[in-house]
Amino acid sequence: MPKRSLRPVALVLGLCWLVVFFDGMDVNIYGAVMPHMLDDEGLGLTPATAGTIGSWTTFGMLLGALAAGNLTDWLGRRPVVIWSVILFSLGSALCALAEGPAFFGAGRFAAGLGLGGLMPTCLAMVMEFAPRGRVALATGLLMTSYHAGGMVATGLGLSLAPAFGWRWVFWAGVAPALVAVPLILRYLPESPGVLLARGRRAEADAIAARYGLEPPEPAQAPAAGARGRWDSVLALFAPGCRWATPLLWVASFCGLLLVYGVSTWLPQLMRASGYGLTSSISFLMVINAGGIVGMLIAGRTADRFGAVRVSALWFVLTAVGALFMGQQLGLALMYGVVFITGVWLFSAQVMVYAATNTVYAPGQRATGLGWVTGVGRLGAVVGPSVGGALVANGMQDWGFTAFAVAGLCGAAAISLVPLTARRGKRGAGAGAGAAPVTTA
């Protein structure tokens, strides 16, 4: 079957791109301004406390991601996107007003709740609307926005923070509620699968026709009711995917440990290695630029060779890059190393998300994504804490080694997914209810 164009779903992809752009901006703001916050004696922030607050953010993301799958079944995906954007914008405003670490941490936790719900919901929508054979590419295109947002956050940290103070950078994080929410209310469609689950067949078929999709079938609709939502969670451990599910969780844990550990601590680790303040913050922009290039490469490559294979290779290359970043190199050479590492690092994690499309049946996909991202957020909790503990104890030289180990563990976990999926499929046989697992 020839691969279809993404043009019919450009509006959905574009709107999700916009809100994930603001997601990436919000996540990276903290790392971009942390050196200025640590220098602000009135705030009273220490490296250890900064790492803990970074973990509060990601703990909020964990809760938001785990709740997202069930909330979309109840409220719909479009309302979850809207309330997620409002919540993380409110959290950014609280951070701008904070006078001490506790209030600041509460703001980051609130932002984390919104950020955690947003990502799996947008991913599920893009995967549902993407044409067959273009899912990995659409996922990669969506996630370029995260790194574009990260680059803007770094630019704000370099321009606003020195001139006006770090608080103004967090005030910029209120923009999503003012810009994105009106556009989503006006233009973003609801999921045809969710509409079908609510018995709104005519609306579901109309949206599917408008965006060039096949009419949704009952198997594509998320289970309704509390019992149905619980059954969706149990289905993640059905014979066809009972071993693939925990492996996806481990791979997501490792990937998000890398993403949030690096996003939070890269400027400070580079500063501790002897690079200047401006250069250290600039590394965050460079690694996100590499992330944009990596998403474009990974999406196209995964559509051809499979998301699992690409994710495994990218994790290994990330580990190699992390080890090089821990070396004492000239500034120009280090910029190159950081850029290349960004090409692999972020898209290794995103291809874990794309791999869920080959493991879970359509009706379980939103729940599966929610749990893969939610459990993976434990890695996002651990990453900033590990960085903070190492810096606080004068062991920052071990930071990049810890990231390299995480990369190798992620490669091992995702590499085993096809093997366990095949074994589970054989075990399930041709029995009813077995998930249609592939190993792409």
Side-chain angles (χ1 to χ4, degrees), residues 1 4 6-16 19 65-84 117-135 138-139 142 184-236 238 240-241 353-354 356-374 432-438:
M1 179 181 293
R4 293 161 48 206
L6 290 173
R7 188 173 300 171
V9 297
L11 179 62
V12 174
L13 181 59
L15 289 171
C16 289
V19 294
L66 292 179
N70 287 338
L71 286 175
T72 55
D73 298 344
W74 177 36
L75 299 173
R77 289 179 185 164
R78 185 168 168 269
V80 168
V81 170
I82 291 169
W83 283 107
S84 294
L118 181 68
M119 184 69 75
T121 307
C122 286
L123 283 166
M125 287 199 76
V126 167
M127 287 182 178
E128 180 176 6
F129 279 84
R132 186 176 302 174
R134 287 285 188 255
V135 173
T139 304
L142 171 66
I184 296 168
L185 285 169
R186 177 69 178 86
Y187 295 110
L188 186 67
E190 184 53 274
S191 154
V194 170
L195 291 173
L196 181 61
R198 293 177 168 186
R200 296 158 64 178
R201 160 62 81 175
E203 292 178 61
D205 288 348
I207 289 176
R210 187 186 312 159
Y211 291 93
L213 308 176
E214 296 294 329
E217 299 298 331
Q220 295 174 269
R227 176 58 188 270
R229 290 190 286 271
W230 176 245
D231 287 343
S232 294
V233 175
L234 294 180
L236 304 182
C241 52
Y353 297 151
T356 64
N357 193 56
T358 69
V359 173
Y360 300 122
Q364 283 75 49
R365 198 162 292 150
T367 302
L369 262 174
W371 279 83
V372 167
T373 56
V437 181
T438 68

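Quick caveat, the model's predicted, so the values are computed rather than measured.
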Heavy-atom closest contact (Pro189 atom, Val12 atom, distance) | CG-CG2, 3.6 Å

Gap separating the OG1 atom of Thr139 from the OH atom of Tyr353, nearest 0.5 angstrom = 11.0 Å

Among all residues two or more places apart in sequence or in another chain, which pass the side-chain contact (heavy atoms from CB on, under 4.5 Å) test with Ser84?
-> Val80, Leu118

How far does CG of Leu123 sit from CG of Leu142, to the nearest 0.5 angstrom?
-> 5.5 Å

Taking the side chain as C-beta and beyond, is there a heavy-atom pair between Leu188 and Met125 under 4.5 Å?
-> yes

Close side-chain approach of Pro192 and Phe129, heavy atoms under 4.5 Å | yes

Once you round to the nearest 0.5 Å, how far does CZ of Arg77 lie from SG of Cys122?
-> 10.5 Å

Euclidean distance, Leu195 CG relative to Arg78 CZ, rounded to 0.5 Å | 10.5 Å

Provide the closest heavy-atom pair for Gly76 versus Pro79 in the form atom of the first, atom of the second, distance.
-> O-CD, 3.4 Å

Note: Leu11 and Tyr187 closest approach over all heavy atoms is CD2-O, 3.8 Å

